Protein chains: 2
Amino acid sequence: MDARTETDVAHVAAAIGDPSRAKVLLALAGGGALPASALAAEAGVSNSTISGHLAKLLDARLLTVEHDGRHRYYRLATTDVARALEQLALIARPLPVRSLNADTRAKALLRARLCYDHLAGRLGVAVMDALQENDILTAEHTGTAGATAVAYAVTPHGHQELSAFGVDPDRLPRRRTGVRYCVDWAEQRHHLAGALGAALTARMFALEWLRHGRYRRVVHLTDGGREGLATTFGVDVGQIF
Amino acid sequence: MDARTETDVAHVAAAIGDPSRAKVLLALAGGGALPASALAAEAGVSNSTISGHLAKLLDARLLTVEHDGRHRYYRLATTDVARALEQLALIARPLPVRSLNADTRAKALLRARLCYDHLAGRLGVAVMDALQENDILTAEHTGTAGATAVAYAVTPHGHQELSAFGVDPDRLPRRRTGVRYCVDWAEQRHHLAGALGAALTARMFALEWLRHGRYRRVVHLTDGGREGLATTFGVDVGQIF
DNA sequence: GCATCGGTTCGGCAAATGCCGAAACGTCCT
DNA sequence: AGGACGTTTCGGCATTTGCCGAACCGATGC
C-alpha cells in the first residue's frame with residue numbers, strides 16, 4: 001500500500017540545526033516571504049553564504065521559492081515546518097541576548113508575535129483567554145476527571161460575534177482544522193491556532209488593529225487595536241503593553 | 001515576569017541532526033531506557049564515539065540518565081522530545097532502505113510501533129477507528145462547517161467498557177492531557193495518544209496482547225491480542241498482519 | 001546595448017565534527 | 001585484592017562545513 005519507510009529525521013534536523021539557517025527559518029516563521037538578500041542580512045552573513053544555506057533548506061523541503069523576475073522569494077514550505085520549529089522551541093534553552101537591539105526584539109516577540117499565520121505571545125494568550133471569558137470559545141474539557149480532552153469549540157453566541165466581526169466560521173478553508181490550539185513556547189499556555197486563528201489574525205491586520213514590525217514576526221498593537229480588542233472581545237492589554 | 005527570551009532552536013536541532021544521534025533518539029522513541037553500549041550497537045559506532053554523542057544529547061536536554069551501578073540507562077528527557085521527533089518525521093523524506101534487515105524492520109514499524117508510550121502505525125490507527133465505531137470514543141467535530149475541532153472524548157458507554165477492560169479513565173495521571181491524538185507520520189491519520197492512549201497501551205502489554213520486538217519501538221501482536229482486539233474492541237487486524 | 005542589480009557558483013581557507021583505538025575510571029564479582 | 005565489565009576521556013586523523021570575495025548569470029532599466 002504505502003511505500004513509506006523509516007524517515008530521514010536527521011537530514012531535516014541537520015538542515016535546521018545551524019545558527020544561520022535557524023535565523024532564516026525563524027525570520028520566515030511569521031508566514032511571510034523574503035528575498036535572499038533580506039535573509040542574508042537577517043542571518044548576518046554574505047549573500048553567497050546565504051545562497052548555499054537556502055539551497056540546503058530547499059533540499060530538505062523546508063522552504064519553497066517563488067521566482068519573480070530577478071527576485072526570489074523564500075517562504076516556509078508548509079505549516080508543518082512552522083509547527084516543528086515551535087516544537088523545538090519548546091525544548092530549547094533561552095538564548096543569551098547579544099545586543100540591545102536583540103533584547104528589545106526578544107521582548108517584542110514575547111509580547112506579540114506571529115506563529116506562522118496566527119497570533120502568539122502574551123497577546124495571543126490574552127486573546128485566547130478573553131474569547132473564553134466572553135463565551136465565544138469554550139474549552140470543552142470533555143471526558144471525565146482524569147481524561148480531559150482540551151478541545152476548544154465555537155459557541156453559537158461566538159458564531160454570531162465572529163460573523164459580526166467579519167470572520168465567518170462557516171467559510172474557513174476546509175482542508176485545515178478550524179479550531180486548534182498551539183502551546184505557546186514562551187507562555188506555556190494555549191493560544192488560538194488553526195484556520196480560525198489564522199482568519200481572526202488576518203482580520204485584525206485588515207482592520208489595522210495589528211501591524212507588522214520591522215521583523216514580520218513581530219506584531220505591534222495599534223491604538224485602534226487596543227480599543228477594538230477591549231470593546232469587541234474584552235481583552236485587557238494593560239498588563240502587556 | 002518571564003525571563004525567557006528567544007530560544008536556541010539551532011542547538012537542539014543540531015543535536016538531533018546527526019545520523020548516529022538520530023538513530024539513538026529513534027531507538028529510545030519507544031519510551032524505553034537503554035545503556036550506552038546498546039545504543040552504540042544501534043547506531044553502528046564504537047562505544048567511545050557513542051559516549052560523545054550521548055554527552056551532546058544530554059547537553060541539549062534531549063536525554064536523561066539514570067545511574068545504576070556501572071550501567072547508565074539513557075531515555076528521552078520528556079514527551080516533548082518524542083513529539084518533536086514525530087513532527088520532524090512528518091516533514092522528512094523516506095529513508096532509502098540499506099539492508100534486508102532494515103527493510104523488514106521498517107515494515108514492522110509501519111505495522112505497529114510505539115510512539116513513545118502509546119500505540120502507532122497501522123495498528124494504532126485501526127484501534128483508533130474501532131474505538132470510534134464502537135462508540136467508546138467520539139470524534140467531536142464541534143463548531144460548524146469549516147471550523148471543525150477534531151476533539152476526541154470518551155463516551156459514557158466507553159467509560160464503562162474501558163473500566164471493564166482495566167483502564168479507569170478517572171484514574172489517569174492528572175498533569176497530562178487525557179484524550180489526545182497524534183498525527184501518524186506514516187498513515188497521515190490520527191492514532192490515540194495522551195494519558196489514555198498510554199494507559200490503554202500499557203494494559204494491552206500487561207495482558208500480553210502486545211509484545212516488544214527486538215527493538216522496543218517495534219510492537220508485535222500476539223494471538224491473544226488478535227483475538228482480544230477483535231472481541232473487545234472490534235478491531236479487524238486482517239488487513240494489517 | 002550597456003550598466004545595474006539580485007542571486008548563484010567557484011576556489012580556497014579555517015574551524016568544527018565524527019570517528020576510532022588506547023588508556024583511565026569506577027563498579028561489580030569472586 | 002584482583003580481574004572483568006561498562007563507560008568515559010584523550011590523542012590523532014580524515015572529512016565536512018561555514019564563511020568570504022571574485023567571477024558569473026539573467027533580468028531590468030536607462
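By convention in this document, chain letters (A, B, ...) are assigned in the order of the sequence lines, proteins followed by strands, and residues within each chain are numbered from 1. Not measured: the values here are computed from a predicted model.
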Practice problem: Please check if the side chain of B/Arg93 supplies one atom and the backbone of A/Thr7 the other of a donor-acceptor pair under 3.5 Å. | Solution: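 Not at all, since once roles are kept as given, no pair shorter than 3.5 Å links the two residues.
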Exercise. State whether the side chain of A/Thr201 and the backbone N or O of A/Leu119 hold a donor-acceptor pair below 3.5 Å, judged by distance alone.
Key: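 Checked: pair present.
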Quiz item: Do A/Arg113's NZ or CZ and the ring of A/Trp185 fall within the cation-pi criteria of under 6.0 Å and 45°?
Solution: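 Ring-cation test returns yes.
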Quiz item: Is there a residue in residues 70-77 of chain B whose heavy atoms reach under 4.0 Å of DNA chain C, and which residues are they?
Solution: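 Those residues are B/Arg70.
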Practice problem: Run the salt-bridge test on B/Asp68 and B/Arg72 with the 4.0 Å N-O cut-off and return the result as yes or no. | Solution: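 A salt bridge is absent here (no side-chain N lies under 4.0 Å from a carboxylate O).
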Quiz prompt | With sequence neighbours excluded, residues passing ring pair (Phe, Tyr, Trp, His ring centres under 6.0 Å) with B/His190 | solution =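 Listed in chain order: B/Tyr152, B/Tyr181.
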Exercise answer: donor-acceptor pairs, residues 47-58 of chain A side-chain atoms, under 3.5 Å, sequence neighbours excluded:
| residue | atom | partner | partner atom | Å |
| --- | --- | --- | --- | --- |
| A/Ser48 | OG | A/Ser46 | OG | 3.1 |
| A/Thr49 | OG1 | A/Ser46 | OG | 3.0 |
| A/His53 | ND1 | A/Arg21 | NH1 | 3.1 |

Atom pairs and distances, side-chain donor-acceptor, residues 209-220 of chain B, under 3.5 Å, sequence neighbours left out:
| residue | atom | partner | partner atom | Å |
| --- | --- | --- | --- | --- |
| B/Arg211 | NH1 | B/Glu208 | OE1 | 3.3 |
| B/His212 | ND1 | B/Arg216 | O | 3.2 |
| B/Arg216 | NH1 | B/Gly30 | O | 2.6 |
| B/Arg217 | NH1 | A/Glu6 | OE2 | 3.3 |

Quiz item: When you list every nucleotide of DNA chain D with an atom under 4.0 Å from a heavy atom of chain A, which one comes first 5' to 3', and which comes last?
Solution: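 The protein-touched segment is D/dG18 to D/dT28.
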Quiz item: In residues 44-62 of chain A, what residues come within less than 4.0 Å of DNA chain D, judged by heavy atoms?
Solution: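 Within this stretch, A/Val45, A/Ser46, A/Ser48, A/Thr49, A/His53, A/Lys56 sit under 4.0 Å of the strand.
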Quiz item: Going by heavy atoms closer than 4.0 Å, what residues in residues 13-25 of chain A are next to DNA chain D?
Solution: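 Of all residues in residues 13-25 of chain A, the ones placing a heavy atom under 4.0 Å from DNA chain D are A/Asp18, A/Ser20, A/Arg21.
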Quiz item: Any salt bridge (Lys or Arg N to Asp or Glu O under 4.0 Å) pairs touching residues 29-51 of chain B, not counting sequence neighbours?
Solution: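 Residue pairs with at least one partner in residues 29-51 of chain B: B/Glu42-B/Arg105.
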Go through the structure and list residues passing side chain to side chain donor-acceptor pair (under 3.5 Å) with [X], not counting sequence neighbours.
X        : value
A/Arg70  : none
B/Asp59  : B/His11
B/His191 : B/His118, B/Asp184

Practice problem: Looking only at non-hydrogen atoms, find the nearest pair between A/Ile91 and B/Ala60 and report the distance. | Solution: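 So the two residues come closest at CG2-O, 4.4 Å.
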Please round to the nearest 0.5 Å and tell me the distance separating atom [atom1] of [X] and atom [atom2] of [Y].
X       : Y       : atom1 : atom2 : value
B/Leu25 : B/Ser20 : CG    : OG    : 11.0 Å
A/Leu90 : A/Leu85 : CG    : CG    : 12.0 Å
B/Gln87 : A/Glu86 : CD    : CD    : 10.5 Å

Quiz prompt | Dot-bracket line, read 5' to 3' along DNA chain D, where crossing pairs take [ ] and | marks a partner on another strand, Watson-Crick or G-U under 3.5 Å | solution = ||||||||||||||||||||||||||||||
